[in-house]
Amino acid sequence: MEKAEHAALFNYKGYNLAKETMKLDLVEALEDFETRDSDIFVISYPKSGTIWTQNIICLILYEGHRNGTENISISHRCASIEYNIYNVDITQMPSPRVLMSHLPYYLVPKKLRGKKGKVIYVYRNPKDTLVSFFHYTNSFRAVAFNLEEYMERFLTGNVIGSLVFDHVKGWYTHQNEFNILFLCYEEMIQDLRGTVLKICKFIGKELSSPEVDKVVEMSTFKNMKADPRANYVKTYEECFGQKNVKHIRKGTVGDWKNIMTVSQSERFDNIFQAQMKDIPLKFIWDIK
Ligand code: A3P
């Protein structure tokens, strides 16, 4: 039996959603969801840098977000198409809409798959994703998982988002069906300005050099953690009654080394090799 409601899963067509949060009618309607050419979908496996990417895009697109004159949180600005916890009327959102999703490639709107709308897919080395997800999940729980227990769930896909390898592989191998930009979390850490410029180019938004500087400054870990529009503190309180969730937690590369034992790391590596051997995506496990 699950120890906390948050861990409860709802399997929809082979993919695990958060049972307590998802809305089945919303998910079932997604196949025929009307996308617009100008739509920007931030898509990822959970704990891979989703909110960071959403925030960067909001800072690029909205001057009021950048200069602080607008106090709209990114959970309102970028609704999730499968959860939409604030019931944002997505059909009435002005273009360009920024939307987000953790869905696998085969469950997103049919038209997005036909290149109507853009996808920014962010991925991260899955050991750090595991560690981030582990801390996040435990922050909802009365009785914490230990890493061994959680790793077992993660490596068998018994978590929200299902198996990380399937998610990344699916999006990577079907990339030709989408208008898609891949971002790597660790490269975002290594070169935030370069990432901002890459996103600007992909979404067709030109900013002046000082504006780019401002986006970079406001999307650093420290500044995002302090920004109530971006740190999700209020969202967890309002929507889940949770005061202890630190979504913007540590923001580093290689945190897995601080918690995984050698044998856990080796086991992970073996599974990773077997699962990802045909996928030429670059993974960065540590930054010196
Ligand atoms: P950690 O738990 O390792 O700190 P997601 O939004 O997909 O759930 O990803 C959450 C992860 O992204 C967390 O990782 C969080 O700290 C990290 N993150 C969020 N904003 C960041 C930023 N500006 N710089 C670096 N990491 C960031």
Side-chain angles (χ1 to χ4, degrees), residues 1-31 33 41-51 53-54 75 78-85 99-110 112-113 119 121-174 185 232 235-236 239-240 242 245 247 267-268 271-272 274-276 279:
M1 206 174 93
E2 299 295 349
K3 293 181 201 156
E5 284 189 342
H6 181 72
L9 306 175
F10 180 88
N11 192 277
Y12 180 74
K13 299 189 177 178
Y15 175 77
N16 289 332
L17 293 150
K19 190 174 179 180
E20 303 302 322
T21 321
M22 71 108 201
K23 301 174 179 109
L24 189 56
D25 52 340
L26 205 67
V27 178
E28 285 175 338
L30 280 178
E31 194 180 353
F33 177 95
F41 285 77
V42 177
I43 300 187
S44 63
Y45 185 82
K47 316 318 289 173
S48 301
T50 326
I51 289 176
T53 308
Q54 288 171 234
S75 25
C78 324
S80 149
I81 56 169
E82 65 266 28
Y83 295 111
N84 197 359
I85 40 178
L99 299 165
M100 69 78 59
S101 176
H102 290 312
L103 290 173
Y105 76 94
Y106 64 89
L107 288 180
V108 297
K110 221 168 29 207
L112 187 63
R113 213 167 154 183
V119 174
Y121 185 86
V122 56
Y123 73 97
R124 182 181 195 183
N125 91 57
K127 282 182 177 170
D128 281 337
T129 300
L130 159 67
V131 172
S132 179
F133 218 162
F134 167 69
H135 290 297
Y136 174 79
T137 303
N138 277 344
S139 61
F140 283 90
R141 294 174 59 86
V143 181
F145 286 123
N146 64 42
L147 185 63
E148 190 67 27
E149 287 171 328
Y150 191 73
M151 193 166 145
E152 185 56 35
R153 286 173 177 251
F154 186 83
L155 289 175
T156 51
N158 189 18
V159 289
I160 295 163
S162 293
L163 186 64
V164 63
F165 308 118
D166 287 344
H167 202 279
V168 178
K169 262 194 296 195
W171 277 99
Y172 185 81
T173 52
H174 289 267
Y185 175 93
Y232 265 58
T235 302
Y236 286 111
C239 301
F240 304 104
Q242 294 282 347
V245 181
H247 196 104
R267 175 165 175 243
F268 194 110
I271 296 172
F272 176 84
Q275 288 276 347
M276 303 300 281
I279 305 296

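- A salt bridge links Arg267 with Glu152: the closest approach of a Lys/Arg side-chain nitrogen to an acidic carboxylate oxygen falls below 4.0 angstrom.
- Leu17 is listed as a side-chain neighbour of Tyr83, based on a closest heavy-atom distance under 4.5 Å.
- Expressed to the nearest 0.5 Å, how far CG of Asp128 lies from OH of Tyr185 amounts to 7.5 Å.
- Cation-pi geometry between Lys47 and Tyr136 is met: the NZ or CZ atom falls under 6.0 Å from the ring centre, inside 45° of the normal.
- In this structure, Tyr45 and Phe133 have perpendicular ring planes: the angle between them is above 60°, well past the 30° mark.
- Between Tyr12 and Glu82, every side-chain heavy-atom pair lies at or beyond the 4.5 Å cut-off.
- Of all heavy-atom pairs spanning Val27 and Met22, the tightest one is CG2-SD, 4.4 Å.
- When all heavy atoms of Leu163 and Leu155 are compared, the closest pair comes out as CD1-O, 3.6 Å.
- Inter-residue side-chain proximity for Val245 and Tyr232 is flagged as unmet; no heavy-atom pair is nearer than 4.5 Å.
- Across Thr50 and Ser44, no two heavy atoms sit closer than the pair OG1-OG, 2.7 Å.
- Of all the heavy atoms in Pro46 and Ile160, the pair that sits closest is CG-O, 4.0 Å.
- The closest side-chain heavy-atom distance from Asn138 to His135 is not below 4.5 Å.
- Put simply, CD1 on Ile51 and SG on Cys78 are 9.5 Å apart, with the number rounded to the nearest 0.5 Å.
- Residues Leu112 and Phe33 are not in side-chain contact: their nearest non-hydrogen atoms beyond the backbone lie 4.5 Å or more apart.
- Distance check, rounded to the nearest 0.5 Å: CD1 of Ile279 to CZ of Phe272 gives 9.5 Å.
- Using bins of under 30°, 30° to 60° and over 60° for the plane-to-plane angle, the ring pair Trp171/Tyr105 lands in the perpendicular bin.
- Interatomic distance, CG of Asn125 versus CZ of Phe268, reported as 7.5 Å (0.5 Å rounding).
- Within the model, atoms OG of Ser80 and CG of Leu99 stand 9.0 Å from one another, a figure rounded to the nearest 0.5 Å.
- Minimum heavy-atom separation, Glu149 to Ala144: OE1-O, 4.2 Å.
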_Evaluation steps, side-chain contact (heavy atoms from CB on, under 4.5 Å), between Thr129 and Tyr123_ = CA-CA 9 Å; Thr129 300; Tyr123 73 97; over 6 Å; no
*Begin with the C-alpha distance, continue with both residues' side-chain angles, and end with the deciding distance and a verdict on side-chain contact (heavy atoms from CB on, under 4.5 Å) for Phe134 and Phe154.*
CA-CA 9 Å; Phe134 167 69; Phe154 186 83; over 6 Å; no
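- Residues Ile81 and Ser101 come closest through the heavy atom pair CG1-CB, 3.7 Å.
- Residues Met276 and Val168 have side chains in contact (heavy-atom distance under 4.5 Å, counting atoms from C-beta outward).
- Side chains of Tyr15 and Tyr106 form a contact here, defined as non-hydrogen atoms less than 4.5 Å apart.
- A distance below 6.0 Å separates the ring centres of His167 and Tyr121.
- Within the 4.5 Å cutoff, the side chain of Leu107 has no heavy atoms near those of the Leu30 side chain.
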